[in-house]
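This structure is a prediction, so every number in the text was calculated from the model and none was measured.
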Amino acid sequence: MTLGPIMLDLKGTEVLPEECELLAHPAVGGVIIFSRNYETPEQLQEMVAVIRAVRTPPLLIAVDQEGGRVQRFRDGFTRLPPAALFGKQFDQQSEAALQLAESSGWLMATELTACGVDLSFAPVLDLDRGVSSVIGDRAFHQQPAAVADLAQAYQRGMHSAGMASVGKHFPGHGAVTADSHKKLPEDDRSFADIQMEDLVPFQRLAASGLNGMMAAHVLYTAINPQPAGFSRFWLTDVLRGQLDFQGAIFSDDLSMGGAAWAGSYIDRAHAALEAGCDMALVCNHPDEAIQVVESLEHYNQPASAMRLSLLHARPRIKFEKLGYSAQWQQAVRNLKAIEKEPWLDMDME
């Protein structure tokens with residue numbers, strides 16, 4: 001059985017029998033884990049083992065573990081800083097900031113893969129334009145070249161830990177004020193403006209081994225009538241064509257307000273897949289998720305299944321051995337040396 005095109009979530013800290021049955025459906029390809037599903041690293045590993053036992057090849061297991069406001073697993077894991085912290089250091093000492101970004105990417109990925117998690121949806125490639133509260137300090141920097149440099153360093157760390165990288169939110173979420181979790185943001189800039197600025201990090205990372213890309217629920221009104229995550233222009237013509245991106249394309253969560261543009265949950269999933277997504281996320285609405293999965297029972301895209309199959313993690317260290325790792329100890333010390341104040345949480349589910 002190949003990996004299907006839908007990524008789902010779970011209700012609690014254990015995988016229920018009916019959830020196991022749903023995860024075995026051929027249209028399912030992955031599971032995303034939230035804070036409500038997490039208690040301890042040991043509990044996480046037990047949950048992962050149950051998910052992996054459902055089918056072969058095992059489902060992809062993902063989480064949002066960016067750091068700062070967006071870190072689902074905290075107790076038992078190293079507290080990670082927001083990406084903007086690396087950007088502030090970059091302005092003062094660029095080489096040190098790049099080394100810290102690489103070390104932190106390795107640390108984040110190593111702790112996750114040691115628990116059996118395949119993916120963290122990172123790095124964020126948006127620009128911090130000072131207008132988007134939902135992006136804000138999740139972005140490395142306001143300058144495209146600095147974002148690209150720091151994200152490449154972070155990606156090197158992830159790759160050395162055995163984790164694939166997934167950049168977001170293509171083609172750029174930083175220039176809109178609306179929160180796409182609640183409504184559809186509109187960006188009225190020209191394609192030339194976006195190409196010269198926001199697309200730079202995406203293009204750089206696409207050319208340097210980025211494994212996955214997550215599309216934005218943003219409508220670029222002067223360019224195309226569909227939001228990026230439902231647009232063949234953005235996903236097929238620009239991302240696949242102009243940027244020559246060969247990795248897997250993910251939708252952002254189809255339960256977000258910005259996705260309501262496409263209609264029902266079934267309509268949203270089909271529109272995202274038809275536009276060029278390899279996998280669509282349906283979270284926090286289990287009844288609608290079941291309907292989406294059943295509507296795709298006979299879905300078959302061998303190229304998508306192949307791209308998704310390349311995203312499984314290759315863990316380097318077992319979780320119980322992390323404390324004995326000199327590299328892990330040094331990476332933790334590096335972060336503690338720059339931590340000056342607590343970071344806000346943004347645990348959106």
Side-chain angles (χ1 to χ4, degrees), residues 2-11 18-19 21-32 34 59-60 62 64 121 134 166 168-173 176 178-187 212-240 248-305 307-308 348-349:
T2 59
L3 295 176
I6 301 299
M7 178 171 281
L8 306 175
D9 59 345
L10 303 171
K11 293 180 180 179
E18 60 268 28
E19 291 175 328
E21 182 178 352
L22 179 60
L23 295 181
H25 192 285
V28 178
V31 176
I32 182 168
F34 290 99
L59 297 170
L60 288 171
D64 285 309
F121 288 119
V134 76
V166 182
K168 60 187 183 186
H169 306 81
F170 178 83
H173 199 305
V176 292
D179 181 353
S180 57
H181 293 87
K182 300 176 181 178
K183 60 187 291 188
L184 178 63
E186 296 187 2
D187 187 331
M213 194 81 80
M214 178 174 280
H217 290 319
V218 176
L219 177 63
Y220 302 86
T221 55
I223 301 170
N224 189 254
Q226 292 89 31
F230 303 111
S231 168
R232 288 192 63 83
F233 169 77
W234 282 112
L235 301 185
T236 302
D237 296 347
V238 178
L239 184 53
R240 293 282 187 218
I249 302 176
F250 293 84
S251 81
D252 207 341
D253 181 9
L254 296 182
S255 70
M256 292 167 58
W261 174 94
S264 70
Y265 279 77
I266 291 176
D267 291 339
R268 298 177 199 186
H270 285 257
L273 296 173
E274 289 169 6
C277 287
D278 297 298
M279 179 168 277
L281 280 67
V282 185
C283 308
N284 302 304
H285 288 77
D287 292 340
E288 286 81 359
I290 291 172
Q291 295 175 16
V292 169
V293 167
E294 291 176 346
S295 76
L296 291 163
E297 183 172 3
H298 301 295
Y299 186 85
N300 183 31
Q301 286 290 341
S304 288
R307 284 190 283 263
L308 294 170
M348 296 171 296
E349 300 191 356

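Contact record, L8 with V28: CD1-CG2, 3.8 Å, taken as the closest heavy-atom pair. Of all the heavy atoms in A228 and A216, the pair that sits closest is CB-O, 3.5 Å. Between S251 and A280 the shortest heavy-atom distance is OG-CA, 3.3 Å. Nearest heavy-atom pair across T2 and A305 is CB-CB, 3.9 Å. Closest of all the heavy-atom pairs between E186 and V176 is O-CG1, 3.5 Å.
Rounding to the nearest 0.5 Å places CG of L184 at 10.0 Å from CE of M256. We find the CG-NZ distance between D64 and K168 to be 4.0 Å, quoted to the nearest 0.5 Å. In this structure, CZ in F230 is found 10.0 Å from CG in L273, a value given to the nearest 0.5 Å. Rounded to the nearest 0.5 Å, atoms CZ (F250) and CG (L308) are 5.5 Å apart. Atom-to-atom distance recorded for D252:CG and H173:NE2 is 7.5 Å, nearest 0.5 angstrom. D267 contributes atom CG, which lies 9.5 Å from atom CD of E274 (distance to the nearest 0.5 angstrom).
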Under the side-chain contact (heavy atoms from CB on, under 4.5 Å) criterion, do V292 and I266 qualify, and how do the steps go?
CA-CA 5 Å; V292 169; I266 291 176; 4.3 Å; yes
* Can you list the steps and then say if Q291 with Y265 is a side-chain contact (heavy atoms from CB on, under 4.5 Å)? -> CA-CA 8 Å; Q291 295 175 16; Y265 279 77; over 6 Å; no
L296 and H270: CA distance, side-chain angles, deciding distance, side-chain contact (heavy atoms from CB on, under 4.5 Å) verdict: CA-CA 8 Å; L296 291 163; H270 285 257; 3.5 Å; yes
Open item on the list: Quick one, Y299 with I6, criterion side-chain contact (heavy atoms from CB on, under 4.5 Å). Give me CA distance, side-chain angles, the key distance, then yes/no.
Closed with: CA-CA 11 Å; Y299 186 85; I6 301 299; over 6 Å; no
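Put simply, the side chain of I32 does not reach to within 4.5 Å of the side chain of D253, judged on heavy atoms. With a 4.5 Å cut-off on side-chain heavy atoms, L235 and C277 count as touching. Looking at V218 and H169, their side chains never come closer than 4.5 Å, going by heavy atoms from C-beta outward.
Judged purely by atom type and a 3.5 angstrom limit, Q226 has no side-chain atom pairing as donor or acceptor with the backbone of R232. Side chain of S255 to main chain of V282: no donor-acceptor pair is present (N/O by atom type, distance under 3.5 Å, no hydrogens or angles). T236 places a side-chain N or O within donor-acceptor distance of the main-chain N or O of A275, the cut-off being under 3.5 Å.
Taking the six-membered ring where the residue is Trp, W234 and F170 present perpendicular rings, their angle passing 60° and hence far from 30°.
For the side chain to side chain contact (heavy atoms under 4.5 Å, CB included) with C283, the lone residue among L10, L254, D9 that qualifies is D9.
Using a 4.0 Å cut-off between charged nitrogen and carboxylate oxygen, D278 and R240 count as a salt-bridge pair.
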